[in-house]
Trainee: 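Pasting a structure below so you can have a look.
Residues: numbered from 1 along the sequence shown.
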Amino acid sequence: MLRIRHVLDARGITMKRCAELLCISQKALYNKIVGKTDFMYSEVKKLSTLFPEYNIDFLLTEEPAERG
């Protein structure tokens with residue numbers, strides 16, 4: 001799962017709201033976050049505007065697996 005999911009959770013932004021901001025469906029956003037499909041350039045630009053404090057490469061990188 002991409003790090004953007006953690007950032008959304010930390011900010012209290014729902015998947016529904018994020019999908020609305022990106023002008024895509026919730027299912028499309030889910031597929032992008034789990035790596036089934038890629039983000040389009042226009043979506044990446046919107047993400048960088050929504051989260052200017054984060055490097056886009058950071059947001060779109062897989063979260064490291066938790067060690068248990």
Trainee: Mind checking what makes side chain to side chain donor-acceptor pair (under 3.5 Å) contact with Lys32, not counting sequence neighbours?
Mentor: Glu43

Trainee: What closest approach, in Å, do Arg3 and Pro64 show between heavy atoms, and which atom pair accounts for it?
Mentor: NH2-CD, 3.8 Å

Trainee: Is there side-chain contact between Thr49 and Lys46, with heavy atoms separated by less than 4.5 Å?
Mentor: no

Trainee: Could you work out the complete set of other residues in the hydrophobic cluster of Leu47, with links drawn between I, L, V, M, F, W and Y side chains under 4.5 Å apart?
Mentor: Met1, Leu2, Ile4, Val7, Leu8, Ile13, Met15, Leu21, Leu22, Ile24, Leu29, Tyr30, Ile33, Val34, Phe39, Val44, Leu50, Phe51, Tyr54, Ile56, Phe58, Leu59, Leu60

Trainee: Applying salt bridge (Lys or Arg N to Asp or Glu O under 4.0 Å), can you list everything that pairs with Asp38, at least two apart in sequence or on another chain?
Mentor: none

